[in-house]
Number of protein chains: 2
Amino acid sequence: MVGQEGDDTADASDVVGGDANAPVALDDGLRGELAELTATLCKALNDPKRLLLIYALADGPRSVGALAETLGASQTNVSQHLAILRERGVVGTERRGPSIIYSLRYPELIGAVDQLRGILSRELDRRQQLVAG
Amino acid sequence: MVGQEGDDTADASDVVGGDANAPVALDDGLRGELAELTATLCKALNDPKRLLLIYALADGPRSVGALAETLGASQTNVSQHLAILRERGVVGTERRGPSIIYSLRYPELIGAVDQLRGILSRELDRRQQLVAG
DNA sequence: CTCCCAGATGCGCAGGTACGCATATACTTG
DNA sequence: CAAGTATATGCGTACCTGCGCATCTGGGAG
């Protein structure tokens, strides 16, 4: 059982129908659900190792073993993190011989994370200036 | 407002500067640290209520009480979440009379989150199709 | 100074999450 | 079928996090 499957994530179906990319113009109730869903996605990015995994996968599909070695983490641990990313729909799997190859399902995700990193570095820069001067 | 992306470029060095040492390109170790920092920022976005707070603040600075009412949450709870956002540098405060006004320090953050939401809605869309056939 | 209002903070509990270990499953080869 | 390799999963533990309750702090009014 390698494929992707449904999981928790409640009945997001409602949300899907109504919204696609309208930034800030929703009903209050929907906003709550959408925020919850977004938070669900954010949880995928909530862990340093998962972020590392995502960046590793940005370079192309990889096997679990390869990823484990890249991160310097155990197979078990990496597998667990990948399971989370899989549940959240961030990565997809494909069997290749004895190995299972993971890949990013939404490469744009890297762009979003990079944007966060940009904000982060500006923030750190600012703190530096506070300390320095 | 979801516009810009594809920037980053060498922000890593700056980040490092804030941390400890020399201007090296990001090797494995640094990537780990950067991922950790990014995860720290992501933790700010990890909670539905905090996301809601951020979106509320996107409309302009607001007092704690106003935010609490908007979210339908208790003052204590909102204050706690705001404290987290403050620690992470996401929001700033300003005293105005008896109230304390919170505001977004990096409005671009909304753009990044919107990007995540875009990915999310695509993902949900995809799941719908799976169910629908 | 005293009272009140807007927020912040400490504490304790409940639920969630990461991790390692041992074990189960799927594919491959002999 | 047996053994080996590549991943996945269940369990127990230690830690982190969200939440409410009670309490403390700071500004403004009488």
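Any value given below was found using the heavy atoms of this structure, including those in side chains, with hydrogens, waters and symmetry copies removed. To find a chain, count down the sequence lines: A is the first, B the second, and so on, and within it residues start at 1.
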Whole Å only: how far is the [atom1] atom of [X] from the [atom2] atom of [N]?
{"X": "B/E87", "N": "C/dA8", "atom1": "CD", "atom2": "P", "value": "12 Å"}
{"X": "B/E36", "N": "C/dA18", "atom1": "CD", "atom2": "P", "value": "14 Å"}
{"X": "A/D47", "N": "C/dG16", "atom1": "CG", "atom2": "P", "value": "18 Å"}
{"X": "B/I101", "N": "C/dA6", "atom1": "CD1", "atom2": "C1'", "value": "10 Å"}
{"X": "A/L85", "N": "D/dT7", "atom1": "CG", "atom2": "C1'", "value": "15 Å"}
{"X": "A/E94", "N": "C/dC27", "atom1": "CD", "atom2": "C1'", "value": "15 Å"}
{"X": "A/I100", "N": "D/dT9", "atom1": "CD1", "atom2": "P", "value": "9 Å"}
{"X": "B/R95", "N": "D/dG28", "atom1": "CZ", "atom2": "C1'", "value": "10 Å"}

Find the distance between [atom1] ([X]) and [atom2] ([Y]) and round it off to the nearest 0.5 Å.
{"X": "A/L71", "Y": "A/H81", "atom1": "CG", "atom2": "NE2", "answer": "8.5 Å"}
{"X": "A/L51", "Y": "A/R117", "atom1": "CG", "atom2": "CZ", "answer": "8.5 Å"}
{"X": "B/K49", "Y": "B/L67", "atom1": "NZ", "atom2": "CG", "answer": "13.0 Å"}

[X] has a side chain; which of [options] sits nearest to it?
{"X": "A/Q80", "options": "D/dG10, C/dT28, C/dG7", "result": "D/dG10"}
{"X": "B/S63", "options": "C/dG7, D/dG18, C/dT9", "result": "C/dG7"}
{"X": "A/N77", "options": "C/dC19, C/dC27, D/dA8", "result": "C/dC19"}
{"X": "A/R50", "options": "C/dA8, D/dT7, C/dA18", "result": "C/dA18"}
{"X": "B/Y102", "options": "C/dT17, C/dA8, D/dG20", "result": "C/dA8"}
{"X": "B/R86", "options": "D/dT7, C/dA8, C/dT17", "result": "C/dA8"}

[N] phosphate, OP1 or OP2, under 4.0 Å from [X] side-chain N/O:
{"X": "A/S99", "N": "D/dT7", "result": "yes"}
{"X": "B/S79", "N": "C/dA8", "result": "yes"}
{"X": "B/K49", "N": "D/dC19", "result": "yes"}
{"X": "A/H81", "N": "C/dC19", "result": "yes"}

- Check step by step if side chain to side chain contact (heavy atoms under 4.5 Å, CB included) holds for B/Y106 and A/L120. CA-CA 10 Å; B/Y106 302 94; A/L120 178 66; over 6 Å; no
- Task: I would like to know whether A/L116 and B/L45 meet side chain to side chain contact (heavy atoms under 4.5 Å, CB included); could you show each step before the answer?
- Result: CA-CA 11 Å; A/L116 289 177; B/L45 312 176; 4.0 Å; yes
- Pairs under 3.5 Å (Watson-Crick or G-U), crossing ones as [ ], inter-strand ones as |: DNA chain C comes out as ||||||||||||||||||||||||||||||
- B/Q80/B/N77 under side chain to side chain contact (heavy atoms under 4.5 Å, CB included): CA gap, chis, key distance, verdict: CA-CA 5 Å; B/Q80 287 169 334; B/N77 190 7; 4.1 Å; yes
- Task: Describe the nucleic acid contact of A/I84 in one word from base, sugar-phosphate, nothing, applying a heavy-atom distance below 4.0 Å.
- Result: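 If one applies the 4.0 Å heavy-atom cut-off, A/I84 turns out to touch the sugar-phosphate alone, with no base involved.
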- Task: I would like to know whether B/T93 and B/I101 meet side chain to side chain contact (heavy atoms under 4.5 Å, CB included); could you show each step before the answer?
- Result: CA-CA 6 Å; B/T93 61; B/I101 307 298; over 6 Å; no
- Hey, which of these two, A/T76 or B/V78, hits DNA chain C nearer its 5' end, going by closest nucleotide?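 By nearest-heavy-atom nucleotide position, the 5'-most residue is B/V78.
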- Item | Matching residue for B/L57 among B/L109, B/I110, B/V91 - test: side-chain contact (heavy atoms from CB on, under 4.5 Å) |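 Filter result, single survivor: B/V91.
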